[in-house]
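One structure is given here, and the rest of the page talks about it.
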Amino acid sequence: MTSLSQSIQRIQPSATMAMSGRVAELRAEGVDVIGLSAGEPDFDTPDFVKEAAIKAIRDGETNYTPVDGTMALKQAVAAKFKRDNDLDYTPKQVSVNSGGKQSLFNALVATLDPGEEVIIPAPYWVSYPDIVNFAGGTPVIVSAGAEQDYKITPEQLEAAITPQTRWLILNSPSNPSGAAYSGEELKALGEVILPHQDMMVMTDDMYEHVWYADFPFTTIAQVCPELYDRVLTVNGCSKAYAMTGWRIGYAGGPEWLIAGMRKLQSQSTSNPCSISQAAAVAALNGPQDFLAERNAAFLKRRDLVVSMINDTPGLSCPTPEGAFYVYPDASELMGKTTPGGKVIDSDEALIGYFLDDAKVAAVHGGAFGLSPAFRISYATSDDILKEACTRIQKACAALT
Ligand SMILES: Cc1ncc(COP(=O)(O)O)c(C=O)c1O
C-alpha cells in the first residue's frame, strides 16, 4: 500500500492557501512582498467574544459537546437565521461544524453518489469543485464573466440542469468576485429550480455581513419559500466576526440532511471546539453594531482598489457589492511581454510577474475557474493597498 486513494488524487491543494504559504516563505527570506492573497479580515475578534471564550475555559466547558453543536449555540444560530434572514429553523434543523468549509464538505459528502452533478457558477470559491470531486460527484461549471457582473442568468442555469443534477451552489456575495444577487435575481434562479424536484440549493452566505449594495442582503430560502425544504443555508463566524481561526461554521436545512451531516461528523471530527462554540454564542447573541463600522472601513478600501485597478492599463473590474475581494479582468494583458522578455500567456504568468517584479501576491483566476483574471483581497490597510495598487499599475504599464 504505497499509493494515495483515488478520492485524494482527484483533488488539488487550495491555491489561495498555497499563495499565502509562498508569501510567508518570501518574507522569511527578507523579500518586501505585499500579500493580497489571504481570504480573512485584518480586524481582530471582538473583545466580548474573546471574553466569552476565556469564561468558558474558566467554567470548565472543556469536554466533548453534542456532535453538531451545543443546544445554546444551535438556539443562537436559529435566532440569527430568524433575525437576519427571516428563516425559521428549529435547533434540530441546525448543524454546527468546524468552519463553513466543513459544513459544505459534510453536506456534499453526505449526499453525492458517483455521476451526480453539482452546478457551480464560475468564478467560484476554490474549494467547491474539489469537495464535489472528493465526494465522487461531477462539478458542472457555468461561467459568468465581468460582462455579466459575474452572475449567472436563469437561462444559463436552465441549460446546465440535467436529470443527474443534485445541487446548485450559490455564493453571494461571492469569493472571489464580490458580486451579490438581488432578491429578484435569486427568485428568478429559484423559479428555474422549482420544477426539478430532485435538485437542491446549497447557499454559502459566509459574506452576508460584508455588504455595500444599495439593496438588502437576501438568501434563496427567504425569497423562494417554496424551496425551503430543498435549501441548505450555510453561514459562519469566520468572516463576519473575524473568527477565521476559531473554526465555527453552521448550516440550516431539512432534518434528514442535518442528520446525515451529523453522522459523517460523528465519524470524523466530532464536535467543533467547545471553547469556540461558547465564543460563537456570544458573537451571534451579542451586539452587532461593530459590523457596520467594519463595513465602512472595507467600503473605503473597495473604492480605493476599484478606482486604482480601473485606472490601470489593461485591467478592469466591476464594482463588487460585498465581501472583500475584487476580481480584475486581465484579457487585454494576454500576449504582452515583460521587461525581462517573458510572454504573459495566462493569468498564472501574470501573477508570477506581479510576484517576482512588483512583489505583490494575488491569486490567479484559473484557481477560481474563470480566466484571465486574478483576485485581490483588500482586507488590509489603506496605505498597503495604495502601495500594492501602485506597484501593479507600474508593472502593467511596463508590459509591451
Ligand atoms: C465563500 C467561502 N465559503 C466558505 C469559506 C470557509 O469558511 P471557514 O473558514 O469558516 O471554513 C470561505 C473561506 O474563505 C469562503 O470564502
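Just so you know, these numbers come straight off a predicted model, no measurement behind them. First listed ligand is number 1; within each ligand, the first listed atom is number 1.
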Let me check something: do Val109 and Val234 share a hydrophobic cluster, defined by ILVMFWY side-chain heavy atoms less than 4.5 Å apart, either directly or through other members?
yes
Does atom NZ of Lys359 have more than 12 heavy-atom neighbours from other groups under 6.0 Å away?
yes
For ligand 1, which atoms, with element, lie under 4.0 Å from some heavy atom of Asn175?
1 (C), 15 (C), 16 (O)
Per-atom contacts, ligand 1 versus Asn171 - under 4.0 Å to a heavy atom
1 (C)
Look at ligand 1 and say whether Asp204 reaches it with a heavy atom at a distance under 4.0 Å.
yes
Can you tell me if Gln267 has over 12 outside heavy atoms packed within less than 6.0 Å of its CD?
no
Ligand 1 contact by Gln102, heavy-atom criterion under 4.0 angstrom
no
Is the number of heavy atoms from other residues, nucleotides or ligands within 6.0 Å of CG (Asp198) greater than 12?
no
Got Asp68 and Asn106 here, is their nearest side-chain heavy-atom distance under 4.5 Å?
no
In terms of residue, atom name and distance, what is the protein heavy atom nearest to atom 9 (O) of ligand 1?
Arg247 NH1, 2.8 Å
Can you tell me if Glu348 has over 12 outside heavy atoms packed within less than 6.0 Å of its CD?
no
Answer yes or no: are there more than 12 heavy-atom neighbours, outside Glu25 itself, under 6.0 Å from its atom CD?
yes
Counting heavy atoms only, which part of Lys101 comes closer than 4.0 Å to ligand 1: side chain, backbone, both or neither?
both
Does ligand 1 come near enough to Gly39 that some N or O of the ligand is less than 3.5 Å from an N or O of the residue?
no
Can you tell me if Glu226 has over 12 outside heavy atoms packed within less than 6.0 Å of its CD?
yes
Which atoms of ligand 1 have any heavy atom of Lys239 under 4.0 Å away?
12 (C), 13 (C), 14 (O), 16 (O)
Membership question, hydrophobic clusters at under 4.5 Å side-chain separation (ILVMFWY): are Leu112 and Leu232 in the same one?
yes
Hey, is Glu40 touching ligand 1 through its side chain, its backbone, both or neither, going by heavy atoms under 4.0 Å?
neither
Nitrogen or oxygen atoms of Thr244 and ligand 1 under 3.5 Å apart:
no
Of all protein heavy atoms, the one nearest atom 7 (O) of ligand 1 is Met206 CE, 3.7 Å
For ligand 1, which atoms, with element, lie under 4.0 Å from some heavy atom of Ser238?
8 (P), 9 (O), 10 (O)
Should you measure from each heavy atom of Gly99, which atoms of ligand 1 turn up under 4.0 Å away?
10 (O), 11 (O)
